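Read the numbers this way: they start at 1 and go in the same order the structure lists the ligands and their atoms. Note that the structure is predicted; figures quoted are calculated from it, not measured. Counting from 1, the numbers follow the sequence of the chain as shown.
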Amino acid sequence: WSVKSYEFIQTTEPRPGVGQITLNRPKALNALSTPLIDELNHALQSFDKSPEIKAILLTGSQKAFAAGADIKEMSTLTFSEAYTNSFIESWSSLTTSIKKPIIAAVSGHALGGGCELALMCDILYCTETANFGQPEIKLGTIPGAGGSQRLTRAIGKARAMELILTGKSFSGKEAFEWGVAARTFPTFDELIEGSLVTAEMIAGCSKVAVMAAKEVVNKSQDLPLRDGVEYERRVFHSLFGSEDQKIGMKAFAEKKKAEWVHK
Ligand code: CAA
């Protein structure tokens, strides 16, 4: 993955081990056009492959995480074009091919595909006033990037059905109360700082253990409990084959700080 300059996103490495992707299409409130998603996927793959990066932060601006799929791009799309080109399918590569944890830091609008993108991430932090929603019904359509499934799993059928059928928004405060967001912050700056602190904590852990932990927690969303517990045990057993497990447990016994091999 070569170094690439981007038009619709910015990438930085703000802390040791942390890669940050900032959606940067301000004139369209970070609407998720196909070129933007292509850049996002490229940047995510680059960070995922980088030996230095151990955690990824995905954010937007204070005003908008992302206001959804690009309505102007979609408005004239035909069924045949959408179906044959698997429209929106490439968005999900975030959930299928990225092994390092992704923290979404959401401020402002996270609507439609923006809400869905945030829900695909591994940890969601937001400001109290963030504006989440699945307003597709107002456009004569429905969520197309997993919102009807992930939001329903996250907040239950009753609330999800009401939100998706009416297109009503919910706040960052509600996202926290309903278990969508792990934490909320009063301001954008505090959101970014809090997200970086968490990303740095993750980056300080064993890389192989972090990737395994992400994998097994995400399996809980797809597998029945018995299969999920079995899957976890297999991965847990496999980590006895990692050097970091030996290093971590030896360091505990010797009351030392673990110096991970898989940095
Ligand atoms: N697609 C394309 N352009 C968008 C956009 C979107 N989703 N959201 C905002 N924009 C553009 C506006 O068209 C406007 O551009 P112009 O200046 O060229 O007119 C610019 O961003 C600023 O937007 P507003 O003037 O509307 O800003 P506002 O502050 O008055 O309102 C808003 C903000 C409430 C977020 C409003 O922009 C809005 O309702 N946006 C659409 C939200 C939406 O419906 N999202 C769902 C999209 S469908 C989807 O995502 C499908 C899926 O599941 C994958």
Side-chain angles (χ1 to χ4, degrees), residues 6-10 21-41 44 58-96 98 102 104-121 124 126-155 157 159-175 180-181 188 191 221:
Y6 298 113
E7 191 179 345
F8 304 115
I9 63 171
Q10 289 170 342
I21 302 173
T22 307
L23 305 177
N24 184 34
R25 203 186 159 206
K27 285 189 183 143
L29 300 179
N30 293 335
L32 302 163
S33 60
T34 300
L36 186 152
I37 291 289
D38 288 347
E39 290 190 358
L40 175 61
N41 281 337
L44 286 167
L58 175 61
T59 192
S61 67
Q62 182 171 357
K63 190 168 179 201
F65 178 72
D70 191 314
I71 299 168
K72 292 163 193 171
E73 179 187 312
M74 281 186 299
S75 61
T76 57
L77 205 64
T78 63
F79 163 74
S80 173
E81 285 163 343
Y83 182 69
T84 55
N85 296 319
S86 302
F87 181 58
I88 302 267
E89 201 173 298
S90 68
W91 294 34
S92 313
S93 61
L94 192 149
T95 58
T96 52
I98 306 301
I102 308 171
V106 177
S107 172
H109 302 293
L111 298 173
C115 184
E116 292 169 300
L117 183 63
L119 289 168
M120 284 181 212
C121 295
L124 199 165
C126 62
T127 56
E128 285 152 14
T129 54
N131 180 38
F132 293 91
Q134 298 291 159
E136 290 89 346
I137 202 84
K138 296 182 191 168
L139 299 168
T141 186
I142 63 168
S148 66
Q149 307 303 300
R150 289 198 183 89
L151 188 63
T152 306
R153 274 175 172 69
I155 67 176
K157 181 182 162 184
R159 283 182 177 133
M161 189 67 94
E162 182 189 42
L163 291 166
I164 290 168
L165 288 179
T166 62
K168 263 170 43 179
S169 292
F170 59 102
S171 67
K173 189 170 170 286
E174 285 169 314
V180 175
F188 182 61
L191 167 71
Q221 303 299 292

As an exercise, state the distance from CD1 of I137 to CG of L165, rounded to the nearest 0.5 Å. 6.0 Å
Atom pair OH (Y6) and CG (L40), whose distance is rounded to the nearest 0.5 Å: 9.0 Å
Any protein heavy atom sitting closer than 4.0 Å to atom 26 (O) of ligand 1? no
Contact partition for L139 relative to ligand 1, non-hydrogen atoms under 4.0 Å: side chain
Give the atoms of ligand 1, by number and element, whose distance to some non-hydrogen atom of E136 is under 4.0 Å. 48 (S), 49 (C), 50 (O), 51 (C), 52 (C), 53 (O)
Kindly say whether T78 contributes a backbone atom to a donor-acceptor pair with the side chain of E81 at under 3.5 angstrom? yes
Rounded to the nearest 0.5 Å, the CZ atom of R25 sits from the CG atom of L36 at a distance of 7.0 Å
Heavy-atom side-chain contact between V180 and L119 under 4.5 Å: yes
Working to the nearest 0.5 angstrom, can you tell me the gap between C115 SG and R150 CZ? 11.0 Å
What is the nearest protein non-hydrogen atom to atom 28 (P) of ligand 1, stated with its residue, atom name and distance? L29 CD1, 4.6 Å
How about atom 36 (C) of ligand 1: does it have a protein heavy atom within less than 4.0 Å? no
Could you tell me, atom by atom, which parts of ligand 1 come under 4.0 Å of a heavy atom of G68? 50 (O)
Any side-chain heavy-atom pair of L117 and F65 under 4.5 Å: yes
Is atom 13 (O) of ligand 1 in close reach of the protein, with a heavy atom under 4.0 Å away? yes
Sub-4.0 Å atoms of ligand 1 with respect to non-hydrogen atoms of K27: 15 (O), 20 (C), 21 (O)
Atoms of ligand 1 less than 4.0 Å from G144 heavy atoms? 52 (C), 53 (O)
For I88, the ligand 1 atoms with a heavy-atom partner under 4.0 Å come out as 54 (C)
With heavy atoms of G112 as the reference, note each atom of ligand 1 found under 4.0 Å away. 46 (C), 50 (O)
Here the atoms of ligand 1 under 4.0 Å from any heavy atom belonging to P135 are 43 (C), 44 (O), 45 (N), 46 (C)
Which protein heavy atom lies closest to atom 41 (C) of ligand 1, and at what distance to 0.1 Å? I71 CD1, 3.8 Å
Heavy-atom gap K138 to ligand 1 smaller than 4.0 Å: no
So, taking the atom named OG1 in T59 and the one named CG in N30, what distance separates them when rounded to the nearest 0.5 Å? 9.0 Å
Could you measure the distance from the CG atom of N85 to the CD1 atom of I88? Nearest 0.5 Å is fine. 12.0 Å
If we count only non-hydrogen protein atoms and require a distance under 4.0 Å, does atom 7 (N) of ligand 1 qualify as touching the protein? yes
Counting only nitrogen or oxygen atoms and a 3.5 angstrom limit, does W91 reach ligand 1? no
Distance under 4.0 Å to a non-hydrogen atom of A28: what atoms of ligand 1 satisfy this? 4 (C), 9 (C), 10 (N), 11 (C), 21 (O)
Identity and distance of the protein heavy atom lying nearest atom 39 (O) of ligand 1: L111 CD1, 4.7 Å
Looking only at protein heavy atoms, identify the closest one to atom 34 (C) of ligand 1 and say how far it is in Å. H109 CE1, 4.0 Å
Indicate yes or no: at least one non-hydrogen side-chain atom of F87 is less than 4.5 angstrom from one of M74. yes
Can you check whether N41 reaches S90 side chain to side chain, under 4.5 Å on heavy atoms? yes
If we set the cut-off at 4.0 Å for heavy atoms, which region of A31 has an atom near ligand 1: side chain, backbone, both, or neither? side chain
Could you pull out the closest heavy-atom pair between A181 and C126, with the gap in Å? CB-SG, 3.7 Å
Got a donor-acceptor contact below 3.5 angstrom from the E73 side chain to the T34 backbone? yes
min-distance protein heavy atom vs atom 45 (N) of ligand 1 -> A67 O, 2.9 Å
Option nearest atom 16 (P) of ligand 1 (shortest heavy-atom distance, choices K72, K63, R25, E73): K72
Might you check, step by step, whether the distance between atom 50 (O) of ligand 1 and some protein heavy atom is under 4.0 Å? yes
Applying a heavy-atom cut-off of 4.0 Å, say which part of Q134 lies close to ligand 1: side chain, backbone, both or neither. neither
On a heavy-atom basis, which atom in F8 and which in P35 lie closest, and how many Å separate them? CE1-CB, 3.6 Å
